[in-house]
Amino acid sequence: MKIPPGITNGGTIRLKGQGEAGSAGGTPGDLLMRVEILPHARFGVSGHDLTHVLRIAAWEAALGAKVEIEMLDGTRAVLTVPPGSSSGKKLRMRGLGLPERPGQRGDLLVEIQIVVPPSASEAEAKLYDELKRASHFDPRAR
């Protein structure tokens, strides 16, 4: 069976003449198969768009960064994380999703997730303390 490009989760594939035989020996009907896309370890699917949660360090979020993302086909795409990005920010990479029709693809939607080290080394703790004293930023102020 050939899966047509552009098929999405819940889509139907019709196999003409491959269903049950008609009543009283009539010709076989069509077999309808519903497509279910299985979960992937790194990507989700929303229509023709792929979704991905990108874990970055706090300094990458604050200063900005260029981060490589390995795509489904093994190629790599570079995402530019703008300075001042917060957890939950969504970035769109156009044309890096699933095929829709020839020459057209969905997008890759990347959600930023800031991750901090589970424990700080002595040098890191010193730098965090220095940043705390130098910064006027209050994450709870609106």
Side-chain angles (χ1 to χ4, degrees), residues 1-23 26-142:
M1 177 177 80
K2 187 174 182 178
I3 308 291
I7 192 85
T8 55
N9 201 33
T12 303
I13 298 173
R14 178 185 305 263
L15 298 176
K16 195 160 181 69
Q18 305 228 356
E20 293 282 327
S23 60
T27 59
D30 296 341
L31 174 62
L32 300 176
M33 299 181 67
R34 191 172 62 90
V35 173
E36 182 179 337
I37 297 176
L38 296 175
H40 188 271
R42 291 179 293 122
F43 295 99
V45 177
S46 177
H48 291 97
D49 294 333
L50 290 174
T51 60
H52 178 65
V53 175
L54 178 66
R55 297 165 47 101
I56 62 173
W59 54 87
E60 291 175 307
L63 304 173
K66 293 203 180 290
V67 181
E68 278 192 353
I69 299 172
E70 185 177 350
M71 303 304 294
L72 289 171
D73 62 1
T75 61
R76 297 189 175 275
V78 177
L79 173 69
T80 300
V81 177
S85 293
S86 295
S87 270
K89 180 178 183 93
K90 291 190 171 96
L91 303 171
R92 180 180 303 271
M93 298 180 79
R94 295 203 183 278
L96 294 180
L98 298 175
E100 287 187 54
R101 51 183 90 85
Q104 199 169 19
R105 298 178 75 88
D107 299 330
L108 172 58
L109 308 173
V110 180
E111 182 178 338
I112 299 296
Q113 183 181 64
I114 299 171
V115 181
V116 296
S119 62
S121 68
E122 190 176 318
E124 288 170 326
K126 191 174 179 179
L127 288 170
Y128 283 131
D129 191 52
E130 196 176 312
L131 177 61
K132 178 176 77 173
R133 285 186 307 225
S135 180
H136 299 290
F137 175 66
D138 181 358
R140 291 165 289 286
R142 293 189 184 221

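Counting from 1, the numbers follow the sequence of the chain as shown.
Here the shortest heavy-atom pairing between Gly17 and Asp30 reads N-OD1, 2.9 Å. Closest approach of Pro28 to Gly19, counting heavy atoms only: CB-O, 3.6 Å. Across Ala125 and Ala120, no two heavy atoms sit closer than the pair N-CB, 4.0 Å. Counting all heavy atoms, side chain and backbone alike, Gly88 lies closest to Glu111 at CA-OE2, 3.8 Å. Closest of all the heavy-atom pairs between Met71 and Arg42 is O-NH2, 4.2 Å. A pairwise comparison of heavy atoms in Lys89 and Pro82 identifies CE-CG, 4.0 Å as the closest pair.
In this structure, the separation between CH2 on Trp59 and CG on Leu131 is 12.0 Å, given to the nearest 0.5 Å. Taking CZ of Arg92 as the reference point, atom CG of Asp107 lies at 4.5 Å (rounded to 0.5 Å). Atoms CG and CD, on Leu54 and Glu60 in that order, are 8.0 Å from each other to the nearest 0.5 Å. Atom CG of Asp49 sits about 7.5 Å away from atom CD of Glu100, to the nearest 0.5 Å. To the nearest 0.5 Å, atom CZ of residue Arg14 and atom CG of residue Leu31 are 10.0 Å apart. Taking CD1 from Ile114 and OG from Ser86, the interatomic distance works out to 5.5 Å, rounded to the nearest 0.5 Å.
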Problem - Verdict with supporting geometry, Thr8 and His48, side-chain contact (heavy atoms from CB on, under 4.5 Å) - result: CA-CA 7 Å; Thr8 55; His48 291 97; 3.4 Å; yes
Practice task
Please lay out, stage by stage, how Leu72 and Leu98 fare under the test side-chain contact (heavy atoms from CB on, under 4.5 Å).
Solution key: CA-CA 10 Å; Leu72 289 171; Leu98 298 175; 4.3 Å; yes
Practice task
Please lay out, stage by stage, how Val45 and Leu50 fare under the test side-chain contact (heavy atoms from CB on, under 4.5 Å).
Solution key: CA-CA 5 Å; Val45 177; Leu50 290 174; 4.1 Å; yes
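A donor-acceptor pair under 3.5 Å is absent between the side-chain atoms of Arg105 and the main chain of Leu96, judged by distance alone.
Using a 4.0 Å cut-off between a side-chain N of Lys or Arg and a carboxylate O of Asp or Glu, Lys126 and Asp129 do not qualify as a salt bridge.
Atom CD of Glu70 is surrounded by more than 12 heavy atoms from other residues, nucleotides or ligands within 6.0 Å.
The shortest distance between side-chain heavy atoms of Asn9 and Glu36 falls below 4.5 Å. With a 4.5 Å cut-off on side-chain heavy atoms, Gln113 and Val53 count as touching.
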